[in-house]
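For ligands, and for the atoms within them, numbers begin at 1 and follow the listed sequence. Just so it is clear, the model here is predicted, and its values are computed rather than measured.
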Amino acid sequence: MDLRLCLFCLFCILLFHISTCSDDPDLNRSAVELIESRGFIAQVHTVTTEDNYQLTVHRIVNPLCSKGEPVLLQHGLLSSSVDFLINSPGVGNNLGFVLSSLCYDVWLSNSRGNVYSMDHLHLSSNDENFWKFSFDEMSKYDLPAFINYILKTTGYKKLSYIGFSQGTTQMFGLLSTNTSYSSIIKPFIALAPVTTISYTKSALVRVASDTPMLKDYLRSKGGPFVISDSTFQFIARTFCHSKIDLVCLNIIFLITGYDVREMNQTRLQVYFKHTPAGTSNWAIAHYLQMVKSGRFCKMDFGKEGNLARYGQTFPPDYPIDMIDSQDIALFYGLGDWLADRKDVELLKSRLKVPLKDDYAIPVDNWNHIDFIYAKDLGKYVNTRIVNILNEYWLR
Ligand SMILES: *[C@@H]1O[C@H](CO)[C@@H](O)[C@H](O)[C@H]1NC(C)=O
Ligand SMILES: *[C@@H]1O[C@H](CO)[C@@H](O)[C@H](O)[C@H]1NC(C)=O
Ligand SMILES: *[C@@H]1O[C@H](CO)[C@@H](O)[C@H](O)[C@H]1NC(C)=O
């Protein structure tokens, strides 16, 4: 038999196996069910943004604790609050549970357009206007809404913020455009920080960003980002060749790559059930634009669109050098395809403030999604986060 055909069949068998054969009890659990299954109490809060999106925030309540200090955990692109709950159980791998066990008051936000945040006071998610957003709006509207809501509900004047990937893009955007958040966000821990994507090693991201038609298509089409099975198969065939590679099984892995040693393969199906969790075509287009432009700027709508929106032909930059917070900690992986080390260096050179922490995960191939799924997440990341938080809250 043709070797390629043979490998393709093996690939299909593997795909079939992965997509049908898990009896992991976490497989079908929602964020709330995950929280309750671990003995915590789950609260579901609805936060309304200035532009009328209604976003879901999950709060983990530890019945053994009284009042705790507020910590907001913000997921990345195509993900949800589940990111901080879904890693292999045990050994402190799930930041949500780690912090709640220590009596922190843990809030897990969901960005507009993901499965938990599909409501708007006046727009249905079938309306194309619902989907006219990228991280610009998440930064300008979603984050302030979450932050103000949590401060109001808890009575605290500051909170700790831990963002992953797009969760860091949003916060760098906010801190650079409104310095009043510097005295509120203490600290900002940035996992896999993304402000530029000039050096990405993801072949899919490179090719997609080099295809002007695709970016323009995503932008002019608008609407939710949906990837059909046939499109996915096409992409997988194009980028995986005939390799039997688990990276070919999910769009997230194709975008970010993954790290064999840190991935718990028996749990893949559980991860795939929760991700991709939805976003807009604009959100994807915006990142693709950044690969090409090398800039950290607002979304590019073309000359005329920019003039109408921004009063200038180019989209404005986010002024990273205006950030005055001295409470920023950067955590990054040396094998990250998306938040490449050189992009992180660029971010560091642009920040005019001393960093609270500048931490390269001491593992060769630590990749983007290792900040969510790595078997050693507790050991290399969560322990250090806890130390930083304890210092801030004088524990
Ligand atoms: C998850 O849901 C699917 C479809 O409803 C069902 O076939 C499967 O048995 C469930 N698995 C678990 C582990 O609950
Ligand atoms: C900055 O944020 C503060 C606190 O939420 C808010 O009161 C103020 O209006 C914001 N400033 C701008 C320019 O958006
Ligand atoms: C991998 O996932 C399985 C299924 O959830 C779990 O039983 C096992 O403990 C995990 N292994 C590691 C090393 O975390």
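For ligand 1 and Asp24, the ligand atoms under 4.0 Å from any heavy atom of the residue are 13 (C). Atoms of ligand 3 found under 4.0 Å from any heavy atom of Thr266 (numbered from 1 in listed order, with element): 1 (C), 2 (O), 3 (C). Residue-ligand proximity, Lys375 to ligand 3, at heavy-atom distances under 4.0 Å covers atoms 13 (C).
Residue Asp23 has no N or O atom closer than 3.5 Å to an N or O atom of ligand 1. Annotation: Arg267 places an N or O atom under 3.5 Å from an N or O atom of ligand 3; distance criterion only.
Among Val270, Asn93, Asn264, Thr275, the one residue that satisfies the side-chain contact (heavy atoms from CB on, under 4.5 Å) test with Tyr373 is Thr275. The only option from Phe225, Phe135, Trp282 that meets the ring pair (Phe, Tyr, Trp, His ring centres under 6.0 Å) definition with Tyr287 turns out to be Phe135.
For Lys342 and Glu345, the salt-bridge test fails: no basic side-chain N is under 4.0 Å from an acidic carboxylate O. Checked for salt-bridge contact, Arg261 and Asp370 miss the test: no charged N lies under 4.0 Å from a carboxylate O. Taking 4.0 Å as the cut-off between side-chain N and carboxylate O, Arg59 and Asp105 count as a salt-bridged pair.
At distances below 3.5 Å, at least one donor-acceptor pair connects side-chain atoms of Thr200 with backbone N or O atoms of Trp337.
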Could you go through ligand 2 and note, for every N or O atom, any protein N or O atom closer than 3.5 angstrom, writing the atom names and distance to 0.1 Å, or 'none'?
residue	atom	partner	partner atom	Å
ligand 2	2 (O)	Asn178	OD1	3.4
ligand 2	2 (O)	Asn178	ND2	2.3
ligand 2	2 (O)	Ser180	OG	3.0
ligand 2	5 (O)	Tyr181	OH	2.8
ligand 2	11 (N)	Asn178	ND2	2.9

Given salt bridge (Lys or Arg N to Asp or Glu O under 4.0 Å), test Asp51 with Arg112 step by step and report yes or no.
CA-CA 11 Å; Asp51 58 348; Arg112 57 182 64 196; 2.9 Å; yes
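Contact of the Thr154 side chain with the Trp107 side chain is registered, since non-hydrogen atoms from C-beta on lie closer than 4.5 Å.
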